[in-house]
There are 2 protein chains.
Amino acid sequence: MDLTAPEWHRPTLEDVAQRAGVSRATASRVVSGSHPVSERRRSAVLRAVADLQYVPNQAGRSLVSRRTGSYALVLPEGMGQVFSEGFFPTLIRGATAELEESDEQLVILLAGSAAGRRRIEQFVRGGHVDGVVLASVHDRDPLPGLLAGTGVPVVCCERAYGDVQLPCVGVDNAGGAAAAVRYLKRIGRTRIATVAGPSSTPAGQDRLGAYLRETVRGHRRPLVAEADFTVEGGRAATARLLAEEPRIDGLFAASDLMAVGALEALRRAGRRVPEDVAVVGFDDVDCARTAEPALTTVHQPIEQLGRQLVRLVQRLAAGEEAGPALVLPTALVLRDSA
Amino acid sequence: MDLTAPEWHRPTLEDVAQRAGVSRATASRVVSGSHPVSERRRSAVLRAVADLQYVPNQAGRSLVSRRTGSYALVLPEGMGQVFSEGFFPTLIRGATAELEESDEQLVILLAGSAAGRRRIEQFVRGGHVDGVVLASVHDRDPLPGLLAGTGVPVVCCERAYGDVQLPCVGVDNAGGAAAAVRYLKRIGRTRIATVAGPSSTPAGQDRLGAYLRETVRGHRRPLVAEADFTVEGGRAATARLLAEEPRIDGLFAASDLMAVGALEALRRAGRRVPEDVAVVGFDDVDCARTAEPALTTVHQPIEQLGRQLVRLVQRLAAGEEAGPALVLPTALVLRDSA
DNA sequence: CTGAAAGCGCTTACAG
DNA sequence: CTGAAAGCGCTTACAG
């Protein structure tokens with residue numbers, strides 16, 4: 001069989017059936033495994049499939065089954081750099097692993113420009129996927145609204161904003177952040193500042209909220225600088241913090257990347273970590289381990305998050321209820337920076 | 001129109017046609033814009049489309065047109081971290097921008113486990129996409145082989161290995177690396193070492209090859225340590241290099257990430273950059289600008305690479321010839337590290 | 001320019 | 001268990 005010959009055409013179910021000497025219906029039944037078929041015909045069909053390298057045409061199949069066997073994961077293009085350090089790759093790994101169990105395919109879409117988001121909407125409406133996972137949603141993100149009316153199930157990380165109420169899977173941001181700040185207090189730190197994440201994101205909001213509660217509870221003055229989850233942002237925010245209050249002895253950064261930036265700013269300012277300033281991060285991605293000193297940080301079960309998001313959207317696609325919102329636990333991991 | 005009602009079904013072309021008082025054929029012609037239609041009917045159809053929020057079902061459409069309007073970009077999962085710093089995001093941006101012009105969608109697939117690669121093969125064979133761009137191919141990558149027989153056009157970055165000859169778009173790795181080494185010689189460096197990339201990749205091979213040619217030509221002893229394109233790898237390789245030859249005064253790292261690692265290793269070893277050791281990187285991604293000192297590096301037109309890869313695969317999908325292999329130019333960018 | 005009809009490749013009641 | 005037939009939603013010659 002010359003696959004490069006111009007007149008060659010992909011084998012269809014009809015070809016398989018003919019070669020196996022059965023009806024198209026029977027061939028379909030063994031290929032999809034949907035109905036029992038006599039052993040003789042079954043093996044004949046299987047042999048034909050192998051001989052022909054037959055793979056069902058998805059267009060034909062999904063036209064009638066109304067299923068595609070693939071799910072979309074939508075990543076925000078803008079924040080690519082922010083989360084590149086471990087978060088997205090790990091989330092993708094989890095989602096892929098979960099989908100693998102039902103032999104389904106993960107398709108990643110980047111939401112960039114407004115035009116790009118429209119195209120994603122069309123893509124979803126066009127029936128390319130059975131469900132959508134939004135990896136990151138912020139304040140005024142138009143995507144949940146655009147996708148809400150498509151009839152295709154959509155879920156998201158953390159929590160959706162505005163009027164569109166999407167089913168979500170989150171992590172315990174508040175609990176993790178509170179644990180971090182409490183730990184800093186417990187080891188005797190009294191002037192604890194925070195480098196907060198963007199207030200437009202759930203993670204930014206919730207981690208800051210917990211810091212504030214813990215600080216106020218201890219009758220201490222909150223020291224906050226907001227940054228954008230990046231190394232560079234963390235560095236600049238920490239410099240501002242040091243200018244405002246040079247006697248800082250504890251620092252909670254709302255992401256590991258920002259904590260790495262903080263480490264650099266502190267080094268430049270001549271502060272030793274953890275002796276002068278104890279630093280705690282959030283995420284527990286790779287750079288936490290390789291930082292110098294290695295970061296004490298709040299571990300987030302990112303792979304689990306990916307898995308649970310997929311399970312949720314699969315459940316929805318199967319017509320089941322979303323059930324109560326799921327919040328995954330976080331945990332403080334002690335290393336050298338605090 | 002209650003989109004959440006269980007009995008609601010997506011509008012079909014038939015619904016549009018009926019609402020507009022035309023035949024299904026006419027409705028199709030205005031929606032796809034394939035044939036001229038009288039102004040009266042045209043606007044009636046358009047109105048119906050808007051009223052119904054009609055979006056063509058891709059399964060039906062591609063079943064007959066044999067086109068999906070989307071292309072796959074396959075990224076290697078393993079190397080995610082390696083290229084996360086700018087390369088892949090930029091490549092994706094270029095590919096997306098190029099596709100945008102024909103209103104087509106980029107779909108990103110991660111090639112992970114062997115099972116995952118099989119699933120990608122099935123996905124492609126199933127007719128989900130009109131073409132495939134392999135973002136990174138190495139030595140014994142089975143993917144080109146798996147995809148070669150699908151009948152779907154496949155192109156790749158740099159160059160394919162083995163017996164499968166895929167059409168490619170590359171950058172002038174050798175020219176860029178040679179320029180870097182020549183520059184180091186021109187500024188008077190005499191003991192020039194290199195941190196090479198993995199010898200399993202075209203970029204690794206070609207950049208090292210150019211270094212060796214330039215070194216041998218100058219009757220100098222080559223000093224090579226191989227690493228994996230990461231910061232950590234660059235750090236370790238540089239430490240080895242310094243152990244082997246402490247008098248190194250020039251260093252060409254085959255990626256910016258490795259150059260950043262080299263900077264750290266040099267700092268720890270008490271060497272000043274560029275005074276004691278002049279360092280040149282390759283890629284010109286974000287971290288080159290933010291490194292301290294800012295990296296002198298070989299600029300690679302990554303976004304163009306993404307665009308040209310898409311153009312190539314689109315051309316193939318349209319039945320045209322691939323044409324001669326395209327090699328994009330590189331250029332040395334002078335900053336502070338050399 | 002327009003419509004009736006065929007057909008893309010598949011699955012699924014419906015009879016048997 | 002099996003096959004003939006209908007139909008998923010769309011496009012495209014074919015007549016007009």
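Just so it is clear: chains get the letters A, B, ... in the order the sequence lines come, proteins before strands, and each one is counted from 1.
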Checklist entry - Can you tell me the Watson-Crick or wobble partner of C:dA15, both distances under 3.5 angstrom? => result D:dT2

Next on the checklist: Less than 4.5 Å apart, side chain to side chain, heavy atoms only: is that true for B:Val132 and B:Val74?
Outcome noted: yes

Item to check | Under-4.0 Å salt bridge between B:Glu121 and B:Arg125 | outcome: yes

Next on the checklist: One thing to verify: whether A:Arg307 and A:Glu101 come together as a salt bridge, which I'm taking to mean a side-chain N less than 4.0 angstrom from a carboxylate O.
Outcome noted: yes

Next on the checklist: Pairing donors with acceptors under 3.5 angstrom, does anything connect the side chains of A:Thr68 and A:Gln58?
Outcome noted: no

Checklist outcome for this item: What one should report as the nearest heavy-atom pair of A:Ala322 and A:Leu312 is O-CD1, 3.6 Å

Item to check | Separation of the C1' atoms in C:dG16 and C:dT12, to the nearest angstrom | outcome: 16 Å

Checklist entry - In whole Å, what separates the P atom of D:dT2 from that of D:dA6? => result 22 Å

Checklist outcome for this item: Reading nucleotides 7-16 of chain D from 5' to 3' and marking B where a protein heavy atom lies under 4.0 Å of the base, S where only the sugar-phosphate is that close, and - otherwise, the string is -BBBBBB---

